Participant: 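The structure under discussion is supplied below as structure tokens; questions concerning it will follow.
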Amino acid sequence: MHTTIYKNNNVFIATSIDGYIADRNGGIDWLNSIPNPGNDDMGYVEFFNKIDGLVMGRKTFETVIGLDVDWPYDKPVFVLSNTLKEIPINHHGKVFLMKGTLIEILNQIHKKGFYQLYIDGGTTIRNFLKEDLIDKMVLTTIPILLGGGSSLFSELPNELKFELIETKIYLNQITQNYYKRKK
Ligand SMILES: NC(=O)c1ccc[n+]([C@@H]2O[C@H](COP(=O)([O-])OP(=O)(O)OC[C@H]3O[C@@H](n4cnc5c(N)ncnc54)[C@H](OP(=O)(O)O)[C@@H]3O)[C@@H](O)[C@H]2O)c1
């Protein structure tokens, strides 16, 4: 069916052992709870180099612009939102507001020439999974139980099988599983 549409949608995200992507206060400081003196990027740069653009939920976008860092992406970021009216002026040309069904959104992004997409944000990833639109997932597990917060996964209309392609261990503490959708 829409093979091109789903083949190029990738997730690269870190969770707690209990599967949360943000703590009860929306915080993500725990992502850095393992000392990383050599600043190991845990495969992020290699992953990022392979993508053409990002599709991000409004809440993740707001988290990123709220961080005390320069804009971290040198590829186009497509922000999904029904409520955001406009993109802050300093992000014009780099960030593009999108809404509609996921298929409509993906078609629009593909028409602009961007195919390999990094899908980010809990709700956004769950919405993509509900429509079986994710092909690859790199899931990094931080050894902490948060006990509550925003879960990465939720119920799905159907089970989705994935194949484990590779497992890596970083800093002797952090596991990373790379899964590919098995059809
Ligand atoms: N652990 C990690 O590595 C990691 C990575 C990324 C994010 N996070 C954290 O996860 C949290 C964000 O996740 P989240 O689940 O709250 O949400 P999210 O996916 O970032 O954003 C959800 C919002 O995206 C918009 N949206 C999603 N699908 C849409 C569609 N088809 N059309 C229009 N708008 C759409 C809606 O915005 P409107 O309400 O404006 O309509 C929705 O409220 C943040 O705390 C962030 O820091 C953690």
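Positions are given from 1, in the same order as the sequence printed here. Everything numeric in this text was worked out from a predicted model, so none of it was measured.
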Participant: Could you work out, with side chain to side chain contact (heavy atoms under 4.5 Å, CB included) as the rule, every residue matching D135, not counting sequence neighbours?
Facilitator: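 D135 satisfies side chain to side chain contact (heavy atoms under 4.5 Å, CB included) with Y6, K7, K180, R181 once adjacent residues are dropped.
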
Participant: Considering all heavy atoms of both residues, which atom of P143 and which atom of I174 are nearest to each other, and what is their separation?
Facilitator: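 In terms of heavy atoms, the two residues are closest at CD-CG1, 4.1 Å.
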
Participant: Mind running side chain to side chain contact (heavy atoms under 4.5 Å, CB included) on I103 and L133 for me, showing each step along the way?
Facilitator: CA-CA 9 Å; I103 299 293; L133 287 170; 4.1 Å; yes

Participant: Can you name the nearest heavy-atom pair linking S33 to I142, along with the distance?
Facilitator: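 Shortest heavy-atom contact: OG-CG2, 3.6 Å.
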
Participant: Please round to the nearest 0.5 Å and tell me the distance separating atom CG of L97 and atom CZ of F61.
Facilitator: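 So the gap between those two atoms works out to 8.5 Å.
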
Participant: Evaluate D52 against Q116 for side chain to side chain donor-acceptor pair (under 3.5 Å), listing each step before the verdict.
Facilitator: CA-CA 5 Å; D52 302 328; Q116 283 294 338; over 6 Å; no

Participant: Taking atom CG as the centre, does D29 end up with more than 12 heavy-atom neighbours from other residues, nucleotides or ligands that are less than 6.0 angstrom away?
Facilitator: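 Open.
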
Participant: Between atom CG of N158 and atom NZ of K130, what is the distance when rounded to the nearest 0.5 Å?
Facilitator: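 Those atoms lie 13.0 Å apart.
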
Participant: Taking the six-membered ring for Trp, are the ring centroids of Y118 and F47 within less than 6.0 Å of each other?
Facilitator: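 They qualify: ring centres under 6.0 Å apart.
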
Participant: Check whether Y179 and I13 end up in the same hydrophobic cluster, where Ile, Leu, Val, Met, Phe, Trp and Tyr are linked by side-chain heavy atoms less than 4.5 Å apart.
Facilitator: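 The answer is yes; both residues are in one hydrophobic cluster.
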
Participant: For the atom pair CD1 (I119) and CE (M137), what is the distance rounded to the nearest 0.5 Å?
Facilitator: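 Between atom CD1 of I119 and atom CE of M137 there are 12.5 Å.
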
Participant: Does any part of the side chain of I21, heavy atoms only, come nearer than 4.5 Å to the side chain of S151, both counted from C-beta?
Facilitator: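 Heavy-atom side-chain distance check fails, nothing below 4.5 Å.
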
Participant: Any link between V11 and L152 through a network of hydrophobic side chains (Ile, Leu, Val, Met, Phe, Trp, Tyr) touching at under 4.5 Å?
Facilitator: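 Yes, V11 and L152 fall within the same hydrophobic cluster.
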
Participant: Charged N to carboxylate O under 4.0 angstrom, E159 versus K161?
Facilitator: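 The answer is yes: the pair qualifies as a salt bridge.
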
Participant: Checking L171 against M42 for the side chain to side chain contact (heavy atoms under 4.5 Å, CB included) test, could you report, in this order, the C-alpha distance in whole Å, the side-chain angles of both residues, the deciding distance, and whether it holds?
Facilitator: CA-CA 9 Å; L171 307 170; M42 301 183 217; 3.6 Å; yes

Participant: Among the clusters formed by ILVMFWY side chains lying less than 4.5 Å apart, do L106 and F114 turn up in the same one?
Facilitator: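 Yes, L106 connects to F114 through the hydrophobic network.
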
Participant: Which heavy atom of L80 sits nearest to which heavy atom of L102, and what is that distance?
Facilitator: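 Closest approach of L80 to L102: CD1-CD2, 4.2 Å.
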
Participant: Between atom CD of Q176 and atom OH of Y44, what is the distance when rounded to the nearest 0.5 Å?
Facilitator: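 Nearest 0.5 Å value for the CD-OH distance: 12.5 Å.
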
Participant: So L139 and F153, do their side chains get closer than 4.5 Å, heavy atoms only?
Facilitator: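 Heavy-atom side-chain distance check passes, below 4.5 Å.
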
Participant: Measuring only between side-chain heavy atoms, which start at C-beta, is Q108 closer than 4.5 Å to F78?
Facilitator: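 Counting from C-beta outward, Q108 and F78 never come under 4.5 Å.
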
Participant: How long is the gap from NZ on K136 to CG on N10, to the nearest 0.5 Å?
Facilitator: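 That separation rounds to 4.5 Å.
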
Participant: Is there a donor-acceptor pair closer than 3.5 Å between any side-chain N or O of E104 and the backbone N or O of T101?
Facilitator: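 Present.
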
Participant: Under a 4.5 Å cut-off applied to non-hydrogen side-chain atoms, are I87 and H92 in contact?
Facilitator: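 Yes, their side chains come closer than 4.5 Å.
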
Participant: Is the count of non-hydrogen atoms from other residues, nucleotides or ligands lying under 6.0 Å from K183 atom NZ greater than 12?
Facilitator: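 Count over threshold, so yes.
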
Participant: Have a look at Y178 and tell me which of V138, T140, L164 forms a side chain to side chain contact (heavy atoms under 4.5 Å, CB included) with it.
Facilitator: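 Testing Y178 for a side chain to side chain contact (heavy atoms under 4.5 Å, CB included) against V138, T140, L164 leaves exactly one candidate, V138.
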
Participant: Assess whether atom CG of L67 is packed by more than 12 heavy atoms of other residues, nucleotides or ligands within 6.0 Å.
Facilitator: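 Correct, the count exceeds 12.
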
Participant: Is there a side-chain contact between H91 and V77 in this structure, where contact means two heavy atoms from C-beta onward sitting under 4.5 Å apart?
Facilitator: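 No, every pair of side-chain atoms sits at 4.5 Å or beyond.
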
Participant: Test of understanding: clusters of I, L, V, M, F, W, Y form through side-chain heavy atoms closer than 4.5 Å, transitively. Do I17 and L146 belong to the same one?
Facilitator: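 In one cluster: no.
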
Participant: Check whether more than 12 heavy atoms from other residues, nucleotides or ligands sit under 6.0 Å from atom NZ of K94, and answer yes or no.
Facilitator: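 Enclosed: over 12 neighbouring heavy atoms sit under 6.0 Å from NZ of K94.
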
Participant: Specify the closest pair of heavy atoms between Y170 and K168, including all atoms of both residues, with the distance to one decimal.
Facilitator: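 Closest approach of Y170 to K168, heavy atoms only: OH-CD, 3.3 Å.
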
Participant: For residues V79 and I65: do they belong to one hydrophobic cluster (side chain heavy atoms under 4.5 Å, members Ile, Leu, Val, Met, Phe, Trp, Tyr)?
Facilitator: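 Yes, because V79 and I65 connect within a single hydrophobic cluster, where side-chain heavy atoms sit under 4.5 Å apart.
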
Participant: Got V95 and W71 here, is their nearest side-chain heavy-atom distance under 4.5 Å?
Facilitator: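 Sidechains of W71 and V95: in contact.
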
Participant: If you round to the nearest 0.5 Å, how far is CD1 of I34 from CG of N172?
Facilitator: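 If I round to the nearest 0.5 Å, the distance is 10.0 Å.
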
Participant: Tell me if a side-chain donor or acceptor on K75 pairs with a main-chain N or O of F48 at a distance below 3.5 Å.
Facilitator: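 Here the side-chain-to-backbone pair exists.
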
Participant: Less than 4.5 Å apart, side chain to side chain, heavy atoms only: is that true for L129 and L160?
Facilitator: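 The answer is yes, as the side chains (C-beta and beyond) meet within the 4.5 Å cut-off.
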
Participant: Could you pull out the closest heavy-atom pair between R126 and S154, with the gap in Å?
Facilitator: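 Looking at all heavy atoms of both residues, the closest pair is CD-OG, 3.1 Å.
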
Participant: Spell out, as yes or no, whether a donor-acceptor pair under 3.5 Å connects the side chain of D18 to the backbone of L145.
Facilitator: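 The answer is no, because no donor-acceptor pair under 3.5 Å joins these two groups.
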
